[in-house]
Amino acid sequence: MDSLGFLLFYANLVSPSSGFSSLAPNGLLYLTTLIHNGSKNDPYLEPPILTVNTVLSLLAVDYPAHRLACYVSDDGCSPLNFYSLVEASKFAKLWVPFCKKYNIGVRAPFRYFLRESDEPPCASSWEFQQDWEKMKEEYERLCGNIEAAANNSTSFDLTGELEVFFNTECQNHPTIIKVIWENMQGLSDGIPHLIYISREKRPKNPHHYKAGAMNVLTRVSGLMTNAPFMLNVDCDMYANNPELVLHAMCLFLGSSDERDWGFVQCPQYFYDRPTDHLAVLHQTLFKGMVGIQGPFYAGSGTFHRRNVVYGKEADDELLKKIGNSKEFINSAAHALKGKAYFTSILSKSLDVVHQVAGCDYEHSSDWGKKVGFLYGSITEDMITGMMIHAKGWRSGYCSPDPRAFLGCGALADPAAMSQQKRWATGFLEILFSKTNPIFACFTSKLQFRQCLAYLWILIWGLRSIPEVCYAALPAYCIITNSSFLPKIQELGICIPVTLFVIYKVYTLSDYIRIGFPIDSWWVNSCMARISATGAWFLGLLNVILKFLGLSETIFEITQKLHQPRTPADDCGKDDDKMIFDESPVFIPGTTILLVHVSALAMALLGLEAQGGQGTGLGEFFCSTYVVLCFLPFLQGLFRRGKYGIPLPTICKSSALALLFVHLCKMSTISVN
């Protein structure tokens with residue numbers, strides 16, 4: 001696993017309705033934040049200030065502070081992350097009151113101070129200007145302190161509160177739990193609880209990556225606050241709508257079929273890539289699934305019922321299989337029955353909490369199997385959500401205006417391609433397991449149309465096979481002087497042309513209806529081809545090697561980038577340039593491009609095979625279309641630096657392209 005990391009926010013929620021006050025003290029809303037680090041802590045790959053901004057935006061949501069708690073789980077056991085959160089808690093004492101006093105819309109400081117258009121109506125007042133200047137000065141001081149600590153992270157003075165990090169390693173350390181801030185007086189206008197968690201890790205104990213961290217947070221928050229609702233968000237997904245909790249709770253508690261909702265999903269949008277393919281999926285597929293059993297669990301921006309995560313239909317036998325902590329068993333039993341069970345002072349529960357965060361706690365239990373977030377796939381969100389649907393629960397779709405969450409994302413860089421490969425790998429692991437949606441459709445309560453929706457996304461990796469074949473077919477026909485399409489003068493050519501035009505018009509109409517620009521349709525269409533033939537294809541190979549026992553799937557954590565850009569910069573001049581590195585994920589795309597360039601050059605020079613049935617205009621059109629789809633790779637051949645394809649990748653792809661051309665020539669000779 002590389003050193004990249006991601007943050008996940010995990011939350012437990014209760015409505016302010018007095019009718020639910022028995023579920024937790026004063027109807028508490030508990031917000032749990034999970035930070036998942038890679039094999040080492042690199043502040044340049046995973047900037048702590050990005051995590052801090054997400055935490056601050058969630059601490060400042062419009063919800064009573066005494067009904068809110070935030071848990072931060074750091075799988076990297078980083079003293080820098082802990083230090084950053086301590087500093088953030090100090091700034092939060094100024095930032096949260098400022099946001100609520102002036103009704104600030106964007107409550108992530110790094111975005112707020114870049115968006116002058118979001119200033120409140122009172123922005124012209126002298127008092128606001130004074131407070132604004134103070135907030136900006138304090139935030140710059142916070143950033144400076146964290147940056148200075150990051151630049152000197154190797155020489156951290158591990159004394160005082162940081163002493164617990166002495167002699168710890170990322171994959172080998174005991175449980176560390178710290179209550180950074182506790183709202184002991186229960187002030188509704190104060191600062192919510194903030195708790196830091198680093199679960200125990202040992203080299204010989206499996207930690208199950210993100211799903212394992214989620215389950216630890218479920219148990220820890222169950223002992224400390226035990227709210228009936230939970231929220232999880234990625235570290236780069238800050239709260240963009242301060243009323244997002246109220247919007248979600250309306251679905252849970254304010255509808256006629258509220259008892260049917262197992263979880264509520266908020267769509268994932270990105271402030272630097274507002275029109276990427278995920279945004280289109282949310283506007284089309286996710287909204288369509290609302291009419292069946294609801295959208296997928298997307299792993300971020302999701303509100304859960306605690307009793308559903310535990311298994312609401314749990315019996316006494318199941319309670320015996322959730323671990324050997326009597327306190328947690330009691331807590332879970334109360335949560336399942338809708339009764340209160342909580343610790344009035346968080347610090348008093350730390351001794352018990354350490355036990356449920358240990359790496360041995362899940363032994364001989366049903367955690368990851370029947371209870372909590374499920375194991376068995378590196379896309380734990382998909383398998384967990386599907387099993388919730390299989391139990392008959394529905395999921396809600398919460399898409400307020402302004403959008404609930406916004407994050408930083410990259411459309412075409414190595415981290416994004418790595419994420420696509422991880423998704424394809426995890427989806428195929430589910431598809432070829434006992435928990436696939438086909439079995440769930442026949443043996444449980446997963447509806448048939450919901451099954452089809454899951455299959456559509458789970459076969460992403462399998463789609464790479466026809467994608468690669470069809471990407472290579474036009475070049476093969478040009479080299480061998482053959483054809484796979486009717487000639488232009490034949491009536492049969494109308495069939496593939498009509499299908500092609502209908503599909504393109506249909507997908508374009510989605511973008512026009514949503515309000516996205518036409519150029520984003522073309523960019524996403526090209527990226528779909530690039531991802532399918534590259535990231536998804538390698539994901540398929542990963543699964544094949546795993547089933548053959550030749551390798552294990554690895555959870556590759558994607559890089560988080562913190563770039564304090566203005567909204568005008570979000571579509572800057574370099575956004576259309578693809579970033580490359582020496583990752584194998586770029587070899588298939590480079591190879592496909594070189595194959596087609598070679599085929600077109602051979603046809604232009606008259607070097608194609610002789611004696612064939614002849615290549616038609618359709619094959620040349622398809623080959624040119626493929627080159628246009630892989631245009632970023634063509635540009636990368638002539639660029640340098642991060643926008644250029646590395647020489648080792650070009651050499652490997654050139655060898656594969658020459659091998660393809662040679663095999664095409666040999667097939668022609670053997671046929672003749």
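- Among residues two or more places apart in sequence or in another chain, the salt bridge (charged side-chain N to carboxylate O under 4.0 Å, His left out) test is passed with R513 by D510.
- Within the 4.5 Å cutoff, no side-chain heavy atoms of D236 are placed close to those of T54.
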Report all side-chain donor-acceptor pairs from residues 282-292 shorter than 3.5 Å, counting only partners two or more places apart or in another chain.
residue: H282; atom: NE2; partner: Q268; partner atom: N; Å: 3.0
residue: Q283; atom: OE1; partner: K287; partner atom: NZ; Å: 3.1
residue: Q283; atom: NE2; partner: Y269; partner atom: OH; Å: 2.9
residue: T284; atom: OG1; partner: V280; partner atom: O; Å: 2.7

Please assess F630 against F633 for the test ring pair (Phe, Tyr, Trp, His ring centres under 6.0 Å), listing each intermediate value before the final yes or no.
CA-CA 5 Å; F630 287 82; F633 285 81; 5.8 Å; yes
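- Looking at N436 and Y454, their side chains never bring a donor and an acceptor atom within 3.5 Å of each other.
- F547 is not listed as a side-chain neighbour of I544, based on a closest heavy-atom distance of 4.5 Å or more.
- Counting only N and O atoms by type, the side chains of Q265 and T302 include a donor and acceptor under 3.5 Å apart.
- Listed by first and then second residue, the side-chain hydrogen bond (donor to acceptor under 3.5 Å, both in side chains) pairs involving residues 590-604 are T591-S653, H596-S623 (not counting sequence neighbours).
- Side chains of S395 and I388 form no contact here, defined as non-hydrogen atoms less than 4.5 Å apart.
- Proximity of a side-chain donor or acceptor of S377 to a complementary backbone N or O of T379 within less than 3.5 Å is detected.
- Evaluated for a ring pair (Phe, Tyr, Trp, His ring centres under 6.0 Å) with F427, the options W460, F432, F296 yield exactly one hit, W460.
- Between Y476 and F660, the ring planes are perpendicular. Angles over 60° get that label, and only those under 30° would be called parallel.
- Judged by distance alone, with hydrogens and angles left aside, the side-chain atoms of Q293 form a donor-acceptor pair with the main-chain N or O of Q447 at under 3.5 Å.
- Rounded to the nearest 0.5 angstrom, I479 CD1 and M602 CE are separated by 5.5 Å.
- Shown here is I518, whose CD1 atom has no more than 12 heavy atoms of other residues, nucleotides or ligands within 6.0 Å.
- Residues T533 and A471 come closest through the heavy atom pair CG2-CB, 4.5 Å.
- F580 places a side-chain heavy atom less than 4.5 Å from the side chain of P646.
- Counting only heavy atoms from C-beta outward, the side chains of I530 and C629 never approach each other to under 4.5 Å.
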Show the atom names and distances, to 0.1 Å, of all donor-acceptor pairs under 3.5 Å that link a side chain in residues 488-500 to residues at least two apart or in another chain.
residue: E490; atom: OE1; partner: K487; partner atom: N; Å: 3.4
residue: T498; atom: OG1; partner: C494; partner atom: O; Å: 2.5

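- Residues that satisfy the side-chain contact (heavy atoms from CB on, under 4.5 Å) test with I650, not counting sequence neighbours, are L637, I645, S654.
- No side-chain heavy atom of C477 sits less than 4.5 Å from a side-chain heavy atom of P474.
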Item to complete: Could you please spell out the steps behind the side-chain contact (heavy atoms from CB on, under 4.5 Å) verdict for F638 and Y643?
Response: CA-CA 9 Å; F638 302 99; Y643 298 114; over 6 Å; no
| request: Begin with the C-alpha distance, continue with both residues' side-chain angles, and end with the deciding distance and a verdict on side-chain contact (heavy atoms from CB on, under 4.5 Å) for M578 and F586. | output: CA-CA 11 Å; M578 193 167 186; F586 295 108; 3.7 Å; yes
| task | Under the side-chain contact (heavy atoms from CB on, under 4.5 Å) rule, what do R403 and N241 come out as? Steps first, then yes or no, please. | result | CA-CA 6 Å; R403 292 169 172 174; N241 187 329; over 6 Å; no
| task | Begin from the C-alpha positions of N240 and Y271 and carry the test side-chain hydrogen bond (donor to acceptor under 3.5 Å, both in side chains) through to its verdict. | result | CA-CA 10 Å; N240 184 63; Y271 56 80; over 6 Å; no
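- By the salt bridge (charged side-chain N to carboxylate O under 4.0 Å, His left out) test, R529 pairs with E467, sequence neighbours left out.
- For the pair K210/F373, no side-chain contact is recorded, criterion being any heavy-atom separation below 4.5 Å from C-beta on.
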Q: Let me see the working for C526 and L631 under side-chain contact (heavy atoms from CB on, under 4.5 Å), right down to the final yes or no.
A: CA-CA 9 Å; C526 294; L631 186 61; over 6 Å; no
